[in-house]
Amino acid sequence: MRLLRASSAVATLAGVALLATACASAPGSDAPTSSRTPSGLSTPPIADGVSEVEVAWLDGGRAIAVLTWGSSSCVPTLGDVEGDGQSISVTLAASSEKACTDDLAPRALMVPVPEGVDVTADVEVEIVHGQRTDTSDLEALAEAPQGQTEYRPSASWFDDDGIVLLTWGSSSCPPIVNDVQATDGGATVTLQDIDRPCTMDMAPRLTPLAVPGGHAAGPYELTLVGGGLDGKVAVG
């Protein structure tokens, strides 16, 4: 069994000392948003502020995204990450003791895959938050990642109409989504151009996207426009 503290594990994975979330940014910065909240979110949050949990592969299997739904102003933080065979246990903690807005939004955290977990076989992820424990499964990848991250964008489905997008860049200037429009075999994601000073670090930024039309059979591709991220990203 291997136990990793979240801070050291992410530093090893990304070569940075910062962990970015889709709903948290540096003071004074704009938080990334999606064009709409994915459907099927009628379940009210429970006492610890989480109503549902999903997981998805990121960065070719070097990491996973853990998505929770709850107040956008009270984002969970990452605690311990533990790997045991083909199981990963992730502990989430409340970000602070404060009043939370009464909305229901997806919040994403990046979790490094512990050493010894075989990503080419199915993986079970256990998410512990407050007094509740949820489990979710990840299907085996075709191949394992080679070496450290290359800091390229990646994306995966986490729900029938939801995609989590990983980009790399300044932690103080995360992507801000203006619009998501369905296209043939994919979607075009329009991002805001950021016109303000940004910190000179290289951090992972996770952005949940609500996709019009939902999960499609066959290859699916995101076309990113604006925000200094122009390009295409295949969705796993």
message: So for atom CG, which belongs to D102, do other residues, nucleotides or ligands contribute more than 12 heavy atoms lying within a distance under 6.0 Å?
response: no
Within-4.5 Å side-chain heavy-atom neighbours: E82 and P114: no
message: Tell me the closest heavy-atom pair linking A187 and V211, and the distance in Å.
response: CB-CG1, 4.4 Å
message: What I want to check is whether the side chains of N178 and T190 have a donor and an acceptor closer together than 3.5 Å.
response: no
- prompt: Does a side-chain heavy-atom distance below 4.5 Å link S71 with D103?
  reply: yes
- prompt: Closest heavy-atom contact between P112 and V81?
  reply: O-CG1, 3.8 Å
message: To the nearest 0.5 Å, what is the distance between OG1 on T77 and NE2 on H129?
response: 13.0 Å
field: Pairs flagged by disulfide (SG to SG under 2.5 Å) wherever residues 197-236 is involved - sequence neighbours left out
entry: C173-C198
task: Identify the heavy atoms of L206 and A65 that sit nearest to each other, and give their distance.
output: CD2-CB, 3.9 Å
- prompt: Heavy atoms, side chains only, cut-off 4.5 Å: are P153 and L229 in contact?
  reply: no
- prompt: Which atoms form the tightest heavy-atom contact between P145 and G61, and what is the distance?
  reply: CG-C, 3.9 Å
- request: Using the side chain to side chain contact (heavy atoms under 4.5 Å, CB included) rule, pick out the option among V53, V55, V111, D134 that qualifies with V125.
  value: V55
From R152 atom CZ to T167 atom OG1, the distance as rounded to the nearest 0.5 Å: 15.0 Å
- request: Would you mind reporting whether V189 and T207 have side-chain heavy atoms less than 4.5 Å apart?
  value: no
- prompt: Is there a path from L166 to I194 through hydrophobic residues (I, L, V, M, F, W, Y) whose side chains come within less than 4.5 Å of each other?
  reply: no
- prompt: Do I127 and V66 have side-chain heavy atoms sitting under 4.5 Å apart?
  reply: yes
- request: Calculate, to the nearest 0.5 Å, the distance between atoms CE and CE belonging to M202 and M200 respectively.
  value: 9.0 Å
task: For R62 and W57, indicate whether the former's side chain and the latter's backbone hold a donor-acceptor pair under 3.5 Å.
output: no
- request: Flag the pair V225 / L191 as yes when at least one side-chain heavy-atom distance between them is below 4.5 Å, and no otherwise.
  value: no
- line: Rounded to the nearest 0.5 Å, the OG1 atom of T188 sits from the NZ atom of K232 at a distance of 7.0 Å
- line: By side chain to side chain donor-acceptor pair (under 3.5 Å), T135 pairs with (sequence neighbours left out) none
query: Quick check: does any side chain N or O of Y220 sit under 3.5 Å from a backbone N or O of G186, one acting as donor and the other as acceptor?
result: yes
query: Minimum heavy-atom separation for P174 to R205, with atom names?
result: CA-NH1, 3.8 Å
- line: To the nearest 0.5 Å, atom CG of L67 lies from atom CG of D159 at 9.0 Å
task: Examine F158 and L104 and state if one hydrophobic cluster contains both, with Ile, Leu, Val, Met, Phe, Trp and Tyr joined whenever side-chain heavy atoms are less than 4.5 Å apart.
output: yes
Over all atoms of both residues, closest heavy-atom pair of A144 and V119: CA-CG2, 3.8 Å
- prompt: Is S154 reaching over with its side chain to a backbone N or O of D59, donor-acceptor style, under 3.5 angstrom?
  reply: yes
Please report, to 0.1 Å, the donor-acceptor pairs under 3.5 Å made by any side chain of residues 85-93, with sequence neighbours excluded.
| residue | atom | partner | partner atom | Å |
| --- | --- | --- | --- | --- |
| Q86 | OE1 | D118 | N | 2.9 |
| Q86 | NE2 | D118 | O | 2.8 |
| Q86 | NE2 | D122 | O | 3.1 |
| S89 | OG | E126 | OE1 | 3.3 |

